[in-house]
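Notes follow the structure.
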Amino acid sequence: MQHFPIFVDTAGRRIVLAGGGAAALAKLRLLLKTEADLHVFAEEPAPEILAWANDGLVTLHRAVPGACDLLGAALAYAAYEDDASDARLGNLARAAGVPLNVVDNLEASDFITPAIVDRDPVTVAIGTEGAAPVLARAIKRDLEERLPQGLGLLARIGKTFRAHAEALPHGRPRRDFWSAFYFRSGPRAAVVGEDAIQSALEMELAAHLAAEARPGHVHFVGAGPGDPDLLTLKARRALDEADVVIHDRLVPAPILELARREATVIAVGKEGFGPSTPQAEIDALLVEHAATGAQVVRLKSGDATVFGRLDEELDAVDAAGIAYSIVPGITAASAAAAQIGQSLTARGRNSDMRLLTGHDVKGFAEQDWATLARPGTVAAIYMGKRAARFLQGRLLMHGAASDTPVTIVENASRPESRVVASRLATLSEDLAAAELTGPAVLMFGLAPRDARASLHRTATLLKEHA
Ligand code: SAH
């Protein structure tokens with residue numbers, strides 16, 4: 001370790017930065033997070049620096065720093081991006097005994113500015129001795145994703161609670177309390193606000209004092225259409241913390257692998273028209289696990305609030321007095337639209353769009369066909385493969401144009417995805433011919449952008465031939 005990491009108290013101390021361009025701005029953005037007395041020396045300062053000086057955040061000197069400017073400074077930054085000027089500041093800093101950083105020049109520097117993950121007062125500094133800045137950035141990105149934004153707030157409020165926590169015996173019980181706060185109740189409360197964090201601390205302490213089992217919780221999490229990269233950060237975090245994961249069969253393995261190694265993973269629901277777990281059994285499973293104090297993640301494909309029988313599960317959890325939260329996900333319609341390069345709404349075409357189900361508990365689902373048949377209608381039809389002939393018949397009967405585009409997107413967002421561009425007139429034949437086996441959403445009223453382009457080309461060609 002050539003460079004030893006330390007945290008320097010800069011509150012109220014002078015930091016000298018020389019330079020007014022991009023390098024200076026980058027460093028100043030970091031330094032503005034401190035409580036230091038920032039002095040910037042720049043003859044031609046960037047507009048941002050002028051603005052900061054106007055707001056009193058930095059003291060701007062439109063001059064070259066002299067020896068006395070460095071006396072007693074805590075740190076000095078040479079950010080001229082010019083070797084000769086940087087070296088001049090370096091000499092002054094050395095003479096004054098002030099640690100120096102020359103931006104992008106490791107050899108000429110006394111110290112390195114690390115990559116920083118800021119959850120003040122929790123600060124993570126990452127250094128690679130200048131060997132691999134790319135690696136430092138990758139680690140930073142990883143941590144940014146992993147550490148909740150509210151962590152700093154939790155730590156600040158947590159700090160004020162330390163004396164109360166001493167009511168718990170030293171060692172394990174106290175550690176368990178803090179870990180429950182920082183990793184479970186705290187992050188949940190942080191979403192609501194500071195008061196909620198305070199009450200979370202009090203409730204967590206009361207629970208631990210009474211040595212009660214920790215309360216169970218059910219997160220209803222939308223897993224998105226299948227691509228793990230389309231999970232929300234919240235969904236990732238819930239999976240990280242889950243003791244039990246109860247998932248629909250549509251949720252693919254790469255997403256389930258994100259659950260904790262120790263988590264119990266249970267598959268429920270149904271696959272296409274195959275065997276299914278009765279809803280009552282799923283409801284019971286949720287309650288049963290949460291009642292033991294488990295953190296349960298109920299993982300549903302897409303968005304949990306779309307054709308997911310969410311209410312029945314919410315009712316069951318509510319009736320058992322179990323706390324829950326809902327984490328939204330990307331629904332199949334959004335993923336399919338992205339894939340075919342189309343907008344779900346468009347000015348002058350459709351100012352509303354529908355999410356329909358092809359069949360419901362009673363069989364093929366009836367809809368307001370007359371409205372759907374109007375030109376320009378866009379509807380994402382879920383669970384529509386089997387109902388295609390029925391849909392086609394009803395829509396044509398109500399006057400929908402037979403050349404209305406219908407695009408079938410199977411396994412949207414997944415590597416094995418397929419897109420079938422069809423028209424209302426040939427929908428059921430095209431679907432049968434495609435022999436789709438995965439989940440598919442029918443995008444009524446939308447053609448893939450590419451196919452439209454090729455249709456247009458064909459039309460032009462035909463015209464040219466005529
Ligand atoms: N809650 C889910 C929908 C569940 S209903 C969501 O918001 O997406 C199940 C239906 O969703 C499937 O029959 C299919 O129509 C659609 N679906 C789910 N995932 C899909 C995917 N990756 N590609 C296409 N359709 C999908």
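Basis for what follows: all heavy atoms, side chains included, without hydrogens, waters or symmetry-related copies. Order of listing sets the numbers, starting from 1, for every ligand and every atom in it. This chain uses plain numbering: 1 for the first residue, then up along the sequence.
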Task: Nitrogen or oxygen of Ile381 less than 3.5 angstrom from that of ligand 1 - done: no
Open item on the list: Donor-acceptor pair, distance only, cut-off 3.5 Å: does the side chain of Asp248 make one with the backbone of Leu250?
Closed with: no
Task: is_close_aromatic(Phe364, Trp369), centroid dist under 6.0 Å - done: no
- [ ] Please say whether Thr331 places an N or O atom under 3.5 Å from an N or O atom belonging to ligand 1.
- [x] yes
TODO: Please confirm whether Ser301 comes under 4.0 Å of ligand 1, counting heavy atoms of the residue only.
DONE: yes
Open item on the list: Tell me whether Arg29 forms a cation-pi arrangement with Trp52, defined as NZ or CZ under 6.0 Å from the six-membered ring centre and within 45 degrees of its axis.
Closed with: no
Task: Leu250, any N or O under 3.5 Å of ligand 1 N or O - done: no
Task: Gly308 N/O to ligand 1 N/O under 3.5 Å - done: no
Task: Those atoms of ligand 1 less than 4.0 Å from some heavy atom in Asn411 - done: 22 (N), 23 (N), 24 (C)
Open item on the list: Determine whether a donor-acceptor pair (N or O, by modelled atom type, separation under 3.5 Å) exists between the side chain of Arg423 and the backbone of Asp403.
Closed with: yes
Task: For atom 11 (O) of ligand 1, the protein heavy atom that lies nearest, with its residue and separation - done: Tyr382 CD2, 3.3 Å
Open item on the list: Tell me the protein heavy atom at minimum distance from atom 10 (C) of ligand 1, and give that distance in Å.
Closed with: Met383 CG, 3.8 Å
Task: ligand 1 to Val306 polar contact by distance, N or O atoms, under 3.5 Å - done: yes
Open item on the list: Taking distance alone, with N or O pairs closer than 3.5 Å, would you say Ala440 contacts ligand 1?
Closed with: yes
Open item on the list: Does this structure show an ion pair linking Arg184 with Glu204, if we count only N-O contacts that are shorter than 4.0 Å?
Closed with: no
Task: Ala412, any N or O under 3.5 Å of ligand 1 N or O - done: yes
TODO: Considering heavy atoms of the protein only, find what lies nearest to atom 22 (N) of ligand 1 and give residue, atom and distance to 0.1 Å.
DONE: Pro225 O, 2.8 Å
TODO: Identify the protein heavy atom lying closest to atom 26 (C) of ligand 1, giving its residue, its atom name and the separation to 0.1 Å.
DONE: Ala332 CB, 3.4 Å
Task: Ligand-side contact atoms (ligand 1) for residue partner Val409, heavy atom cut-off under 4.0 Å - done: 24 (C)
Open item on the list: Geometry only, no angles: is Asp303 polar-contacting ligand 1 at N/O separations under 3.5 Å?
Closed with: yes
Task: Carboxylate-amine/guanidinium proximity below 4.0 Å for Arg418 and Glu435 - done: no
Open item on the list: Does this structure show an ion pair linking Asp142 with Arg146, if we count only N-O contacts that are shorter than 4.0 Å?
Closed with: yes
TODO: Do me a favour and list the nearest non-hydrogen protein atom to atom 4 (C) of ligand 1 with residue, atom name and distance?
DONE: Phe307 O, 3.6 Å
Open item on the list: Does either side chain, that of His217 or that of Gln295, offer a donor lying less than 3.5 Å from an acceptor on the other one?
Closed with: no
TODO: Please determine, by modelled atom types, if Asp430 and Ser422 share a side-chain donor-acceptor pair under 3.5 angstrom.
DONE: yes
Open item on the list: Checking Ser417 against Gln339: is there a side-chain donor and acceptor pair closer than 3.5 Å?
Closed with: yes
